[in-house]
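A quick write-up on the structure given underneath.
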Protein chains: 2
Amino acid sequence: MHQQSDNDAAPGPISGGARPGGRGRGRRAGETATRADILSAARGSFAERGYDRATIRGIAGRAGVDPALVIHYFGSKEALFVEALELPQRPGDVVSGGLAAGREHLGATIVRAFLETWDAPATQAQLTAMLRSALTNDTAMDMVRRLLLREVFGPVTRALGVPDAQLRADLVGTQLLGLAMLRYVARIEPVASAPVDRLVRALGPTLQRYLTEDLAAGDDG
Amino acid sequence: MHQQSDNDAAPGPISGGARPGGRGRGRRAGETATRADILSAARGSFAERGYDRATIRGIAGRAGVDPALVIHYFGSKEALFVEALELPQRPGDVVSGGLAAGREHLGATIVRAFLETWDAPATQAQLTAMLRSALTNDTAMDMVRRLLLREVFGPVTRALGVPDAQLRADLVGTQLLGLAMLRYVARIEPVASAPVDRLVRALGPTLQRYLTEDLAAGDDG
DNA sequence: TGATGGACTCAACAAGCGTTGAACACACTG
DNA sequence: CAGTGTGTTCAACGCTTGTTGAGTCCATCA
């Protein structure tokens, strides 16, 4: 259940990284699975219920642990939330990869990368938690903003030479965000279960147009 | 501030519509503005903070009233939420009107109607409240689902003769939902301040394609 | 063995929540 | 005038929340 050994990332309990008293004499900082269990339980709770409705007690119960231990390890609910939602994905991959693959398939490549990233269960839990919490929690909203900026807006505006790159990036953001909401959070059919290929064919040209084609040529109503 | 006289809709305090004891002898059911003030304050609070973070005490304070009075009028927080978010708009207008305007301008017409509905401040508060609460509150999520069904999915699937009408409706839903999230809730620039005409030209062709063109013809990545 | 200190639990705190029931204020009827 | 019912407030209840501090358990090391 615990993803991998986090020997350099996890500072152990609240006291922090470098042990102050030399190599202490007591019990070794036992490589317990508990901390990772709590993180996993937190991701599940935040994804299912959002930040406000997820409780420390609920997370602790899910991990089979006392609520106080959660605070002991992470300091506060907010800090737990931040740590639980740290993304394993390197930034810029989705869109940057798409840009490198050639401009004529840019839209389709972005949609495919986006969907394949989200369809992985571990990532899906983190991003669902982020989205579900974003609308009532400022920290989560900032996370989404930064994620969009890093993953979509930044690479797009950097790569495109056009002057209205920011609006184009925003348009891509609306389409991808709406897709994520319906498919992963609200789980509305048939888009929730549609195969990736079908969505790539449906949404790819949309993003392609937002990024590379003329946006002023639409017909008016 | 109070929109209009609600002589037939407002049943007065909690006892309900028809007075049991004939035309009662006591104080007349004074046409107080308070009830409408509370509703307005509730819409504001729900829109800004979402269902969970909005409190009865906060709404009462905003309306200059005791918290108990809120419960006295509406019975519970949940019931207040439901009543505060009842939409004044007749159902089916947005998409049905677009369908009636001719199929070749369908996409642009829908986007325009959608934006003009939301840009009205009163409606915007209600829909923002609904969206902001939808991800953590089941009632709000049902509202959004029913609204999408009534306003988008239903008319579209009824009007289009194509077999994959449901997926097409979903795709329209993703684009409009994402647009609403970025423009009205997250308020990300430049899409938050873009003029309606510009968005109509940018998004109209997308919806047009989702509704009437061939979706299998997209290029693959 | 005995000391150490980290893993972990227990019981409780203070704050905030939705909600309640009794009460006061007042406009109206008879 | 007395009586009545509505508008409104007050003070409190019961509950849940995040968080705290003291304390227990036990693997490790001198």
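The chains referred to below are lettered A, B, ... by the order of the sequence lines, with proteins before strands, and numbering in each begins at 1.
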**Report entry** SB check A/D164 B/R198 (cutoff 4.0 Å)
**Finding:**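 Result for this pair is yes, salt bridge flagged.
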Query - Of A/V172, A/L176, A/D119, A/L199, the residue whose pairing with A/F114 passes side chain to side chain contact (heavy atoms under 4.5 Å, CB included) - result: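 Per the side chain to side chain contact (heavy atoms under 4.5 Å, CB included) rule, the option paired with A/F114 is A/L176, out of A/V172, A/L176, A/D119, A/L199.
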**Report entry** Under-4.0 Å side-chain N/O to phosphate OP1/OP2 contact, A/Y73 with C/dG6
**Finding:**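 Indeed not, no polar side-chain atom of A/Y73 lies that close.
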**Report entry** side-chain N/O A/T34 vs C/dC8 OP1/OP2, d < 4.0 Å
**Finding:**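 It does, given that an N or O in the side chain of A/T34 lies less than 4.0 Å from OP1 or OP2 of C/dC8.
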Report each atom pair, protein N/O against N/O of nucleotides 18-23 of chain D, whose distance is under 3.5 angstrom.
{"residue": "D/dG18", "atom": "OP1", "partner": "A/I56", "partner atom": "N", "Å": "3.4"}
{"residue": "D/dG18", "atom": "OP1", "partner": "A/K77", "partner atom": "NZ", "Å": "3.0"}
{"residue": "D/dG18", "atom": "OP2", "partner": "A/I56", "partner atom": "N", "Å": "3.1"}
{"residue": "D/dG18", "atom": "N7", "partner": "A/R57", "partner atom": "NH1", "Å": "2.7"}
{"residue": "D/dG18", "atom": "O6", "partner": "A/R57", "partner atom": "NH2", "Å": "3.0"}
{"residue": "D/dT19", "atom": "OP2", "partner": "A/K77", "partner atom": "N", "Å": "2.8"}

Report task. Measure the spacing between CG of B/L135 and CZ of A/R49 and express it to the nearest 0.5 Å. Result ->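 Here the rounded value is 14.5 Å.
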Partner residues of [X] under the side-chain hydrogen bond (donor to acceptor under 3.5 Å, both in side chains) criterion, sequence neighbours left out:
X      : value
A/Y210 : B/Q175, B/T206
A/D66  : none
B/T139 : B/E78

Throw together a table of side-chain donor-acceptor distances under 3.5 angstrom for residues 56-63 of chain A, partners on residues two or more places apart or in other chains.
{"residue": "A/R62", "atom": "NH1", "partner": "A/E48", "partner atom": "OE1", "Å": "3.3"}
{"residue": "A/R62", "atom": "NH2", "partner": "A/E48", "partner atom": "OE2", "Å": "3.0"}

[X] [atom1] - [N] [atom2] separation (whole Å):
X     : N      : atom1 : atom2 : value
B/L69 : C/dA25 : CG    : P     : 17 Å
B/R53 : C/dG18 : CZ    : P     : 13 Å
B/R49 : C/dG16 : CZ    : P     : 12 Å

**Report entry** Residues touching DNA chain C, which here means a heavy atom under 4.0 Å, drawn from residues 133-142 of chain B
**Finding:**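 Going residue by residue through residues 133-142 of chain B, none turns out to have a heavy atom under 4.0 Å of DNA chain C.
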Requested in this report: May I ask you to decide if the ring planes of B/F81 and B/Y51 are parallel, tilted or perpendicular, using 30° and 60° as cut-offs?
Outcome: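 Rings of B/F81 and B/Y51: perpendicular, over 60°.
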